[in-house]
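This report concerns only the one structure given below.
Values reported hereafter were calculated over all heavy atoms of this structure, with side chains retained and with hydrogens, waters and symmetry mates removed.
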Protein chains: 2
Amino acid sequence: MRDRAPRNSGSTLKMRDIARHAGVSPMTVSRALRQPSAVSEEMRRKVDAAVREFGYLPNRIAGSLSSNRTNVVGLIVPSIRNSLYASMIQAASDGLRANGLHLMIADSGHRLEDEEALVAAFLAQRVCGLILHNTVHSKRVRKLVEASGVPVIETGNLPDDPLDMAVSYSNFEAARAMTLHLARLGYRRIGFVTLPVRDNDRSEERRRGYFAALAELGRPADESLVLEADGGFSEGADALVRLMNAHPDLDAGFFAGEVLAVGALFECQRRGWPVPGRIAIASFDDVDLLRHAVPSVTTLRIPRQEIGKRSAELLVGRLQGAPADRIRLDLGFEIVQRESS
Amino acid sequence: MRDRAPRNSGSTLKMRDIARHAGVSPMTVSRALRQPSAVSEEMRRKVDAAVREFGYLPNRIAGSLSSNRTNVVGLIVPSIRNSLYASMIQAASDGLRANGLHLMIADSGHRLEDEEALVAAFLAQRVCGLILHNTVHSKRVRKLVEASGVPVIETGNLPDDPLDMAVSYSNFEAARAMTLHLARLGYRRIGFVTLPVRDNDRSEERRRGYFAALAELGRPADESLVLEADGGFSEGADALVRLMNAHPDLDAGFFAGEVLAVGALFECQRRGWPVPGRIAIASFDDVDLLRHAVPSVTTLRIPRQEIGKRSAELLVGRLQGAPADRIRLDLGFEIVQRESS
DNA sequence: CGCTTTTCTGGTATCGCTACCAGCCTATAA
DNA sequence: TTATAGGCTGGTAGCGATACCAGAAAAGCG
């Protein structure tokens, strides 16, 4: 059985080929590429020359298997299409890339069972870290994550019982603060439109925050002031109209999603309802659109970018040996008062 | 040297452990997991039971090394933050995931040298396919891609000389068509605002299309009607104002980017310029925002989602053995006439 | 019933790299 | 000079799976 044909007849070069051409051992090539300081100037030169000459690309699959380390982080968001996550992803991507890490991205479509399948798939790929937007997980996810020992960051909310590290803000506090803010501005009857609450801890928390604020204000909790809407412009417009019809005295609408808010704003423009004259509008998340809309829209600034950046930093820290402490980082939020309220 | 300590003392289970517990050979476990039809009912049952009992996750790194195949596709877009790419990415992600493939995403920041580094890094990770938005590449990228033999899809434009497969639309034709459309509607003096052209083949093509249309119309090519602007709302607003100041008779603005267009639209609202009474506005790409804005904005519908879907399909096809034909798939575009023009 | 074919299972040898140890050679100390 | 320590380099043995072949068992066939 000595002379069987090689399994991979491909022409891609291997480390040993480079080693032969450079006149050194494979180990020296490996070292020259990964920690140049560990080899002599001369070796480094020879290796570099051979690598460049043949356009050698080390096989990181083999490297990962051997070293039991990969340089890939898995990221799962509810929806890739939703641009809300884009700035977080961008910041995380930048921070990770600066440290030689890459990002594998997938979306769970707000389905816990999909998140579970993805976590399993990512762990099978032996990712060196995970970033999950969702903070409600299936039992199996918790088990898998724990068993793997891979560092995990949750970013969408501040969970009571984090898997590992959480870098986020409080959806509850944010919604509460905005509701109180609107009340402080003098609005008497504040409607609340949120994304579907089922399987979505963020929506649920925001809803709770809204009601908590009303309670503090001594106002009755009126379920008919709250609507769930899928996140589209039409849904926002529609929700506004339905609220106004049901409550002619509505003087402010708090939309927990910028698309909903802008959809409502456009509807006001169409109907000639002055904003905030007839109704004030407040939104969630500070996207450019809200700043530039006419009128500009009062909103909550969530530090999405900072969340991505800090997530990357914490992950990198762990990979470089930081102690595995449970961390719960609250990056806060900020009310941005603008023309629409 | 027989009794050296094992390198990886970790507790994660290996295939041989599952095999032992199931009372079968590792090969049978491997087969039961990858092609269940190749093993008997009984074996499958035993393996499945052991896998479930211990929560075994196969190590895909090892599998990839051994089989010389990975299930990861690399995707490089100019900017992750830009929501424009989101629907393409989403569609590609869905199509790939349905076939067991995952997506590694990075952004080049419109820099060719970054694209090059990323392509190299992805190939080092031995991705089984690449999707590149950019269609202008460094020489080394072409060489790397060719040497790797990995299937590649370019999606941002229809290149004259595709690396491998191209799934896109013609930026040139799209810009040309919109310019002609505006002329047909009776607009006499059409300004054009585009993203920076440097290192951006899409912008360059759009610009060419605009001028080609003017030439067909027998109108002079006036460079002062063309502005380059970075893609923000303010930049769009600013570009509009500058164009209007320079050309008081400007009656239409074609913005090659939806954020620019909406920024301009907002500026009109602020200044009380009726759209299209004082000036018509046309955009590029059919995002929801344009349909719902007041007035709704005339634009070009680019089949971003379809591009992502077809890209995934072609890639999957190749991986399943389709012949390596050069493909150049033009998915076209569509003019969406709305209130703003 | 013996023989061929098919179906299924298991052993062995990698996949391409890195961890770990051994050994060499030079430098510094005693 | 000999001992001791470092700095570098190379050999060897995996990492945890899969490809490939061999062989046993079951099935088909005349």
Describe the nucleic acid contact of Arg69(B) in one word from base, sugar-phosphate, nothing, applying a heavy-atom distance below 4.0 Å.
sugar-phosphate
For residues [X] and [Y], report the shortest heavy-atom separation together with the two atoms involved.
X         : Y         : value
Lys14(B)  : Tyr56(B)  : C-CE1, 3.8 Å
Glu306(B) : Leu331(B) : CG-CD1, 3.7 Å
Thr70(A)  : Gln125(A) : CG2-O, 4.1 Å
Ala91(B)  : Gln305(B) : CB-O, 3.2 Å
Leu130(A) : Val119(A) : CD1-CG1, 4.2 Å

Under the 3.5 angstrom rule, does the side chain of Ser64(A) hit a backbone N or O of Arg69(A) as a donor-acceptor pair?
yes
I'd like to know if the side chain of Asp325(B) and the backbone of Ile327(B) have a donor-acceptor N/O pair within less than 3.5 Å.
no
Which of residues 17-24 of chain A sit near DNA chain D, with a heavy atom under 4.0 Å from it?
Val24(A)
Considering only heavy atoms, which members of residues 30-41 of chain A lie under 4.0 Å from some atom of DNA chain D?
Arg31(A), Val39(A), Ser40(A)
How far does the helix from dC1(C)-dG30(D) to dA30(C)-dT1(D) bend, going by the axes of its first and last five pairs, to the nearest 10°?
30°
Pairs flagged by ring pair (Phe, Tyr, Trp, His ring centres under 6.0 Å) wherever residues 22-45 of chain B is involved - sequence neighbours left out
none
Between Pro26(B) and Ala62(B), who's closer to the 5' end of DNA chain C by nearest nucleotide?
Pro26(B)
Sequence-distant partners of His21(A), ring-ring contact (aromatic ring centres under 6.0 Å, His included), two or more places apart:
Phe54(A)
Calculate the interatomic distance between [X] atom [atom1] and [N] atom [atom2]; express it in whole Å.
X        : N       : atom1 : atom2 : value
Leu65(A) : dC15(C) : CG    : P     : 13 Å
Met15(A) : dT14(C) : CE    : P     : 20 Å
Ile61(A) : dC17(C) : CD1   : C1'   : 11 Å
Arg16(B) : dG11(C) : CZ    : C1'   : 14 Å
Leu13(A) : dC17(C) : CG    : C1'   : 15 Å
Met43(A) : dC8(D)  : CE    : C1'   : 8 Å

Do the charged groups of Glu41(B) and Arg44(B) touch, with an N to O distance under 4.0 Å?
yes
Name every residue in residues 47-60 of chain B that has at least one heavy atom under 4.0 Å from any atom of DNA chain C, in order of residue number, or write none if there are no such residues.
none
The criterion is salt bridge (Lys or Arg N to Asp or Glu O under 4.0 Å); which residues satisfy it with [X], sequence neighbours excluded?
X         : result
Glu313(A) : Lys309(A), Arg310(A)
Arg111(B) : Asp114(B)
Arg31(A)  : none
Asp17(B)  : Arg20(B)

More than 12 heavy atoms from other groups under 6.0 Å of CD on Glu146(B)
no
Expected rows: protein N/O vs nucleotides 25-28 of chain D N/O, under 3.5 Å:
none

Counting only side-chain heavy atoms from C-beta out, which of dC20(C), dG16(C), dT12(C) sits nearest to Met27(B)?
dT12(C)
Residue-phosphate contact under 4.0 Å: Ser25(A) side-chain N/O, dG10(D) OP1/OP2:
yes
Could you tell me whether the phosphate oxygens of dG16(C), OP1 or OP2, come under 4.0 Å of any side-chain nitrogen or oxygen in Ser66(A)?
no
Do any side-chain atoms of residues 95-106 of chain B form donor-acceptor pairs under 3.5 angstrom with protein atoms, and if so which ones, sequence neighbours left out?
{"unit_1": "Arg97(B)", "atom_1": "NH2", "unit_2": "Asp107(A)", "atom_2": "O", "d": "2.6"}
{"unit_1": "Arg97(B)", "atom_1": "NH2", "unit_2": "Asp107(A)", "atom_2": "OD1", "d": "3.4"}
{"unit_1": "Asn99(B)", "atom_1": "ND2", "unit_2": "Gly95(B)", "atom_2": "O", "d": "3.0"}

